[in-house]
**Student:** 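This structure is in structure tokens; I'll ask about it shortly.
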Amino acid sequence: LAAARAHEPAGTAGVYTLGSNRPVNLRAVAAAFAGLAGPPAAIEWGRLPYAPDQVFRPCPADRPPPGWSPAISLEQGLAEVIAHA
């Protein structure tokens, strides 16, 4: 809703990032989801090797929608998604 209400000038990129001061990796998200939804998915972490030119680095949440800040935890957000599935 914050992004929709931003009223940015025409031609500007309406791209925002969401995040908090507590970044998590995909493995932590999968574990949190499994803790709420039941048995973990059969994920084979590291099964595929990285390509020589692959670079992984955190994606900063550097442009949130105007006036937006995180109000709930990852776990609470996942629980709400699961409840509505």
Side-chain angles (χ1 to χ4, degrees):
L1 290 174
R5 293 181 182 132
H7 301 293
E8 290 197 25
T12 61
V15 176
Y16 301 102
T17 56
L18 303 178
S20 71
N21 292 330
R22 189 183 142 227
V24 295
N25 61 32
L26 184 57
R27 201 178 287 227
V29 173
F33 187 85
L36 295 165
I43 300 171
E44 296 181 38
W45 300 104
R47 179 173 180 191
L48 300 176
Y50 294 130
D53 59 346
Q54 269 183 305
V55 177
F56 291 95
R57 63 179 189 258
C59 178
D62 58 356
R63 189 169 185 254
W68 182 88
S69 63
I72 62 173
S73 67
L74 171 65
E75 291 77 12
Q76 183 180 347
L78 289 173
E80 290 180 16
V81 168
I82 292 165
H84 288 85

**Student:** Please answer: with hydrophobic residues joined when any side-chain heavy atoms are less than 4.5 Å apart, are Phe33 and Ile43 in the same cluster?
**Tutor:**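 Different clusters: Phe33 never reaches Ile43 through Ile, Leu, Val, Met, Phe, Trp or Tyr contacts under 4.5 Å.
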**Student:** Grouping I, L, V, M, F, W and Y whenever their side-chain heavy atoms are under 4.5 Å apart, do Trp68 and Ile72 come out in a common cluster?
**Tutor:**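 No: no chain of side-chain contacts under 4.5 Å links Trp68 to Ile72.
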**Student:** Do any side-chain atoms of residues 75-85 form donor-acceptor pairs under 3.5 angstrom with protein atoms, and if so which ones, sequence neighbours left out?
**Tutor:**
from: Gln76; atom 1: NE2; to: Glu80; atom 2: OE2; distance (Å): 3.2
from: His84; atom 1: ND1; to: Glu80; atom 2: O; distance (Å): 2.7

